[in-house]
Protein chains: 2
Amino acid sequence: MVSIKDVARRAGVSIGTVSNVVNRPSLVSESTRERVRAAIRELGYVRSETARQLRAGQSRVIALLVLDMTNPFFVDVAHGAEREAREQGLGVMFCNSDQDPEEEAAYLSLFAEQRVRGVLITPATEGDAALAVLSGFSRHGIPHVLVDRLVPADRACSVSVDDVTGGSLAAAHLFGLGHRRIGYVTGPLRMAQCADRLRGARAAAAEAGLDEDAVRVEERGALTVAEGRAAAHALLSGAAQAWPTAVFCANDLLALGVLQVMVERGVRVPDDMAIVGYDDIEFAAAAAVPLSSVRQPARLIGRTAARLLIEETDPATAPEHHHQRVVYEPELVVRRSTSG
Amino acid sequence: MVSIKDVARRAGVSIGTVSNVVNRPSLVSESTRERVRAAIRELGYVRSETARQLRAGQSRVIALLVLDMTNPFFVDVAHGAEREAREQGLGVMFCNSDQDPEEEAAYLSLFAEQRVRGVLITPATEGDAALAVLSGFSRHGIPHVLVDRLVPADRACSVSVDDVTGGSLAAAHLFGLGHRRIGYVTGPLRMAQCADRLRGARAAAAEAGLDEDAVRVEERGALTVAEGRAAAHALLSGAAQAWPTAVFCANDLLALGVLQVMVERGVRVPDDMAIVGYDDIEFAAAAAVPLSSVRQPARLIGRTAARLLIEETDPATAPEHHHQRVVYEPELVVRRSTSG
DNA sequence: CCGGACCATTGAATCGATCCAGGCGGGCCC
DNA sequence: GGGCCCGCCTGGATCGATTCAATGGTCCGG
């Protein structure tokens, strides 16, 4: 591998001069500069980020650790973060904890060893456990921004969407269409997102003058298409009169699974069963019965999270940085699955 | 940041001993070992991968650069690669060129600067341009494996799927169902994948005793749902008698777009229009008219590519490494979009 | 009592860059 | 002509680890 030394030798100058040509060319005379540049070109020299890092103490890579990289929502978040990072000349490591605290921990130590610039994370754990993860970060001095999760602003920045409002938008829409009994198909309720959307839905029920039974909860272990299918079978297990007339799903993967089963079983959507999803992933609109869904600005979330992290870790802007909570508003997108 | 020096001072030993405790504990006496470990624990020391790299000259991160990170097929590839890499204690940088040669080039120089262990890549360019990219790698001495793309085996390893066979499977299935005129909705034909699948489809037509006109090509600029929608409108633009009775799409995103338009326009699937996609992404099965599709072993592709790269770059196995081309066979998955 | 073997440990060189104090020559001012 | 300043460049310290030759100490056998 060609190093700065080889370039210096070839150009007949000192190492320091080569470094200046690369980093502060104005300090070097025209003729020397050209000679060094020629040497760089001829040798195909690429400066070692590793070595600069060692000296600078800061790397140019940020990590993004999500719960499920196969969920298009998180892919969009990643896409947004990547854009912002690229504009600042940084790279992004997009990683997947699969909701497994052990995987998460393994990645965190990888990140710590790599001395990444910082981490964008959707923690696999909740409450105290999540705080423990954060204090792990703080202990190692790794700056971090929480994505899709609130956290006390004295600890770190966070970027999220108001899930209570989102749940309320979805449920109010269904109640407004005349539905009186709806199902709520969700992942683990210990996940804040799932719990908050339920709170919103219940608030909407109260608002509509209905009691708590108006929202029947079907809790599953994960937010996937397969679990959505299982949930749909569960919802349709009793007598038809007892079925809800609409379903609100905690994300679009669940909703697609539910939709699929409804179609298979000849339950007409939206006539017999209206469906609302969450996230508004691309495949929601592309489903053969296009899904109504609560849109979250995924790309923007990623972009903002990356921006906050960069602000926090760029020596130029860090002094003015204060932790903040950014909360975006969700938006209901009505499609045929609720408005046949 | 706590360094090895701090640990050494605290434990009252030399730097070298701390290094030995971490890397070759058997060389260190029991008591010293414990004392050092205690110091590490108390100070929260994490060794700097950056510094080791500088000395070792090799990093513990591999890069994966794909054409479209929002395509679930590539996400699955990434997932597979990530698994394999994690098992070897390596990290993966999953990046997105968006089919843009400039983005690609920008990433390549980032990778070169980072001295990544190697790169898994689906090149944004074809033919000579792709070879130019590769020679860029070779020049910088960056090991690389081509994903979903063949390349002469003397230059690098490659992992791909037989696209001619895949195209032929799909088309033969349609011809076997009695279709005589099919549409082929594709991305740019300069992409080898798209062109090969067409060759396979034409071969199947010949096999079925049909002429070239049996496959009508609808070429679009990208492999996305939106382009699929546009293609469907184009296919349905003439007189109904002239419509093909089936469509084969170069990937599932296109197929989902086509399906969506068919449903909107009241064209029954599969009765009036059969549809076959490619990749068998999760959303193909989850579509309300589940899509027949040609399955590629995406996870396995990612895993294998990562394994080959690791073999090539691990000093222990590198000497026995020879570049190889791995070609998997695709598999047709029949669902309701062709077999109502 | 000495030489040699063996073991744990140390110290210094090294990786590739950055950065800064200082040297050197040339021009300018008094 | 001497002193100073300025522009350009050099040399060496530094970052945090690895690695290996050298050291010092213990123990054993002769």
Side-chain angles (χ1 to χ4, degrees), chain A residues 1-37 39-40 43-61 89 109-110 112-117 140-141 315, chain B residues 1-37 39-40 43-61 89 109-110 112-117 140-141 315:
Chain A
M1 198 93 231
V2 180
S3 86
I4 198 172
K5 236 185 257 175
D6 305 309
V7 175
R9 196 174 320 126
R10 172 110 176 192
V13 297
S14 76
I15 291 180
T17 300
V18 177
S19 175
N20 280 337
V21 169
V22 173
N23 300 299
R24 278 116 69 205
S26 66
L27 295 185
V28 181
S29 73
E30 169 88 30
S31 66
T32 310
R33 205 190 305 150
E34 280 318 311
R35 201 148 31 92
V36 171
R37 291 209 167 125
I40 288 178
L43 297 174
Y45 166 71
V46 178
R47 96 184 142 187
S48 160
E49 186 58 32
T50 307
R52 332 182 55 200
Q53 255 179 57
L54 178 59
R55 187 112 223 296
Q58 221 195 193
S59 94
R60 285 149 52 84
V61 171
S109 51
L110 181 70
E113 290 192 353
Q114 303 273 357
R115 301 287 194 270
V116 297
R117 180 81 158 263
H140 293 318
Chain B
M1 197 95 231
V2 180
S3 85
I4 198 173
K5 235 184 259 176
D6 304 310
V7 175
R9 195 174 321 124
R10 173 108 175 194
V13 297
S14 75
I15 290 180
T17 301
V18 177
S19 176
N20 280 337
V21 169
V22 174
N23 300 298
R24 279 116 68 207
S26 66
L27 296 185
V28 181
S29 73
E30 170 88 30
S31 68
T32 310
R33 205 188 308 151
E34 279 319 310
R35 199 148 32 92
V36 171
R37 292 214 167 119
I40 288 177
L43 297 173
Y45 165 71
V46 177
R47 96 185 142 185
S48 160
E49 186 57 33
T50 306
R52 324 182 62 198
Q53 255 178 57
L54 179 59
R55 188 110 223 296
Q58 222 195 195
S59 93
R60 285 150 50 85
V61 172
S109 51
L110 181 70
E113 290 192 353
Q114 303 273 356
R115 299 288 194 271
V116 296
R117 179 82 157 260
H140 292 319

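Within every chain, numbering begins at 1; the chains are lettered A, B, ... in the order of the sequence lines, protein sequences first and strands thereafter.
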Between [X] ([atom1]) and [N] ([atom2]), how many Å, whole number?
X	N	atom1	atom2	value
Glu113(A)	dG16(D)	CD	P	16 Å
Asp6(A)	dG16(C)	CG	P	8 Å
Asn20(A)	dG7(D)	CG	P	15 Å
Arg33(A)	dC9(D)	CZ	P	9 Å
Ile15(B)	dT14(C)	CD1	P	16 Å
Arg115(A)	dG16(D)	CZ	P	8 Å
Leu27(B)	dC20(D)	CG	P	11 Å
Gln114(A)	dA17(D)	CD	P	14 Å

Check the phosphate of [N] against [X], side-chain N and O only, distance under 4.0 Å to OP1 or OP2. Yes or no?
X	N	answer
Arg47(A)	dA17(C)	no
Asn23(B)	dT18(D)	yes
Ser48(A)	dG16(C)	no
Ser29(A)	dG7(D)	no

Which is true for [X] with a 4.0 Å heavy-atom rule: it touches a base, it touches only sugar-phosphate, or it touches nothing?
X	answer
Thr50(B)	nothing
Ser19(B)	base
Arg24(A)	sugar-phosphate
Arg55(B)	base
Val28(A)	sugar-phosphate
Val13(A)	sugar-phosphate

CD of Glu49(B) to CD of Gln53(A): how many Å apart, nearest 0.5 Å?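 Spacing of CD (Glu49(B)) from CD (Gln53(A)) equals 10.0 Å.
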Looking at CG of Asn20(B) and OG of Ser29(B), how far apart are the two atoms once the value is rounded to the nearest 0.5 Å?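 Answer rounded to 0.5 Å: 11.0 Å.
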Considering only [options], which nucleotide approaches the side chain of [X] most closely?
X	options	answer
Ser3(B)	dT18(D), dA17(C), dG16(D)	dG16(D)
Ala51(A)	dC15(D), dT19(D), dA17(C)	dA17(C)
Leu54(B)	dA17(D), dG16(D), dA8(C)	dG16(D)
Thr17(B)	dT9(C), dA17(C), dA17(D)	dT9(C)
Thr32(A)	dC15(C), dT18(D), dC8(D)	dC8(D)

For the pair Asn23(A) (side chain) and Ser19(A) (backbone), establish whether a donor and an acceptor sit closer than 3.5 Å, ignoring hydrogens and angles.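 Yes, because the side chain of Asn23(A) sits within donor-acceptor range (under 3.5 Å) of the backbone of Ser19(A).
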Exam field: side chain Arg117(B) to backbone Arg60(B), donor-acceptor pair closer than 3.5 Å: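 No, Arg117(B) side chain to Arg60(B) backbone: no donor-acceptor pair under 3.5 Å.
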5'-most contact on DNA chain C: Val18(A) or Lys5(A), nearest heavy atom basis?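 Checking each residue's closest nucleotide, the 5'-ward one belongs to Lys5(A).
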Closest approach of Val7(B) to Ile40(B) (non-hydrogen atoms, all atoms of both residues):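 Scanning both residues, the minimum pair turns out to be CG1-CG1, 3.7 Å.
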Residue pair Ile15(B) / Lys5(B): nearest heavy atoms and the distance that separates them: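 Scanning both residues, the minimum pair turns out to be CD1-CG, 3.8 Å.
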